[in-house]
Amino acid sequence: MGLFSVVRFDGLRDRDWIVYKYPSEKLTSGSSLIVQEGQVAIFVRGGMICDIMYPGSYKLNTQNLPVLASIVNIPFGGSTPFPAEIYFLNALTKLDIYWGTSDPIQLIDPKYQIKLRLRAFGQMGLKICDFATFFRELIGGMNKGDWIKYDKVQEYYKGVVILKIKSILANIVINEGISALEISTRLEEISDKAKYAISDEFAKYGMTVVNFYVKSINFPDEDFDKINSILQDKAAFDIMGDSRYVAKRSFDVYETAAGNDSGIAGAFVAGGIGFGAGMNMMQNVNNPNFNVGYNNSVSMTRTCPCCGIVVVENSRFCSNCGTSFMSKMCTCGQELQPGARFCLNCGKKVD
């Protein structure tokens, strides 16, 4: 027999291969071809696929290579050489194919109304189901060396996967109104939708999607900090109530402004608060009787006309001298001021 009496490929230590080209194109009739389990051998002549051999042992003759024999006129018997290319394809399922969105998906969160940059990562499994189509559509146009790795093929379908994932996530967030913080509970559903969406695309290249998983959906820390700040403010509002929360926020503004060059006045300008209203607010804050009550309402004050002590505005009597703050009427019909000793209209002494 000729130099290559047995044609076989025992595989590579790195199982990441998908196509291996046999090093010689000079074959001899009558040689043995051994195709290992998990492999398929494709004979190519002039760039055209001729014959496909599945796992087993074969003799290279016209009976086993009918298409190639009709092209190169393989002689009967003997060890006459004939030219052909042999490619071994990996027919095993490749499960550890990882994918990820290279660019974040920018969306407005429907619950918190802030822009988030979502990123998705996952894993998928592929298997060649139509060897002729796969070789013709993908491998035929590649710059073929001795062997081709899976990552070279991944460049072809990466765009398809990312496009489908972006579309599915955008639909869930925008059309279904699911917040980015809650979307992780939908990973199984998203994975199923993505597998269904990309299966037809891979079928065009002779491949089947064995499984597809979205393992995580996340966003940058600075985006999470924005949401966390909103959640903290919401919690404070729910606990403190409207009035107390507004008062607290005002205090925070004053405290921050105190450390700035513009001071308190700058805080009023930045917050759109009038100078007079701001000064009045500051006076109330400095007043020990200005109080945020337990009933979540801000209590205002009044001054007793008799002794001058400051009391709560809705008090009926002065806590110091006992003067009544309830309005009285003079016999002439004039409303008497609280604490008045004489009527301003008729001059009559108040009893």
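The structure presented is a predicted model; accordingly, all values stated were derived computationally and were not measured. By convention here, the first residue in the shown sequence is residue 1.
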Within a strict 4.5 Å, meaning less than it, do heavy atoms of the Pro83 and Arg45 side chains meet? yes
Heavy-atom count around Tyr150 OH within 6.0 Å, excluding the residue itself: above 12? yes
Mind running side-chain contact (heavy atoms from CB on, under 4.5 Å) on Val35 and Val40 for me, showing each step along the way? CA-CA 7 Å; Val35 182; Val40 169; 5.5 Å; no
Can you tell me if Asp16 uses its side chain to pair, donor with acceptor, with the backbone of Lys149 under 3.5 Å? no
So how far is it from Leu60 CG to Ser32 OG, rounded to the nearest 0.5 Å? 7.5 Å
Lys164 to Glu201 - nearest heavy-atom pair and separation: CE-CG, 4.3 Å
Going by heavy atoms in the side chains, are Gln123 and Lys215 under 4.5 Å from each other? yes
Give the C-alpha distance, both sets of side-chain angles, the deciding distance and a yes or no for side-chain contact (heavy atoms from CB on, under 4.5 Å) between Phe134 and Met207. CA-CA 7 Å; Phe134 175 79; Met207 304 186 76; 3.7 Å; yes
Charged N to carboxylate O under 4.0 angstrom, Arg186 versus Glu176? yes
side-chain contact (heavy atoms from CB on, under 4.5 Å) between Leu33 and Phe43: does it pass, once the steps are laid out? CA-CA 11 Å; Leu33 169 68; Phe43 285 78; 3.7 Å; yes
Interatomic spacing from CG in Asn61 to OG in Ser31 - rounded to 0.5 Å: 10.5 Å
Does OH in Tyr157 sit with more than 12 non-hydrogen atoms of other residues, nucleotides or ligands closer than 6.0 Å? yes
Please determine whether residues Ile217 and Ile114 belong to a single hydrophobic cluster, defined as Ile, Leu, Val, Met, Phe, Trp and Tyr linked transitively by side-chain heavy-atom distances below 4.5 Å. yes
Under 4.5 Å between any side-chain heavy atoms of Leu65 and Cys50, yes or no? no
Of the non-hydrogen atoms in Pro55 and Glu37, which two are nearest, and what is the gap between them? CB-OE2, 3.9 Å
Under a single-linkage definition using a 4.5 Å side-chain heavy-atom cutoff for Ile, Leu, Val, Met, Phe, Trp and Tyr, are Leu187 and Ile97 assigned to the same hydrophobic cluster? yes
Would a hydrophobic clustering, with Ile, Leu, Val, Met, Phe, Trp and Tyr connected at side-chain separations under 4.5 Å, put Ile174 with Ile105? yes
Would you say the side-chain atoms of Thr185 pair up with the backbone N or O of Glu182, donor to acceptor, closer than 3.5 Å? yes
Correct closest heavy-atom pair for Ala132 and Ile49 would be O-CD1, 3.5 Å
Interatomic distance, CZ@Phe202 vs CG@Asp200, rounded to 0.5 Å, equals 11.5 Å
What is the distance from atom CG of Leu126 to atom CG of Leu92, rounded to the nearest 0.5 Å? 13.0 Å
A side-chain contact here means heavy atoms from C-beta on lying under 4.5 Å apart; do Ile183 and Ile172 qualify? yes
Checking Gln36 against Asp10: is there a side-chain donor and acceptor pair closer than 3.5 Å? yes
Taking Asn64 for the side chain and Lys59 for the main chain, is one N or O donor matched with an acceptor at less than 3.5 Å? yes
Main chain of Ala120, side chain of Thr101: is a donor-acceptor contact present, judged purely on distance under 3.5 Å? yes
Less than 4.5 Å apart, side chain to side chain, heavy atoms only: is that true for Asn218 and Phe121? yes
Go through Lys166 and Asp103 one step at a time and tell me if the side-chain contact (heavy atoms from CB on, under 4.5 Å) criterion holds. CA-CA 10 Å; Lys166 286 184 175 182; Asp103 299 319; 4.2 Å; yes
Any side-chain heavy-atom pair of Phe135 and Thr133 under 4.5 Å: no
Presence of salt bridge, Lys195 and Glu189, under 4.0 angstrom: no
Taken to the nearest 0.5 Å, the spacing of Ser191 OG from Ile168 CD1 works out to 9.0 Å
Hydrophobic cluster identity match, Leu107 and Ile162, side-chain contacts under 4.5 Å: yes
Do Tyr22 and Val7 touch side chain to side chain, with heavy atoms closer than 4.5 Å? yes
Does Gln106 reach the side chain of Leu116, with side-chain heavy atoms less than 4.5 Å apart? no
Does Glu222 come within less than 4.0 Å of Arg117, counting only side-chain N to carboxylate O? yes
Return yes if some donor-acceptor pair links the side-chain N/O of Thr93 with the main-chain N/O of Leu95 below 3.5 Å, else return no. no
The ring-ring contact (aromatic ring centres under 6.0 Å, His included) partners of Phe212 (sequence neighbours excluded) come to Trp99
Common cluster, Ile18/Tyr54, ILVMFWY with side-chain heavy-atom separation under 4.5 Å: yes
Look at the aromatic rings of Phe9 and Tyr20 and report parallel, tilted or perpendicular, splitting at 30° and 60°. parallel
Spacing of Asp192 atom CG and Tyr213 atom OH [to the nearest 0.5 Å]: 9.5 Å
Salt-bridge contact Lys115-Asp109 (side-chain N to carboxylate O under 4.0 Å): no
Main-chain N/O of Val67 paired with Asp51 side-chain donor or acceptor, under 3.5 Å: yes
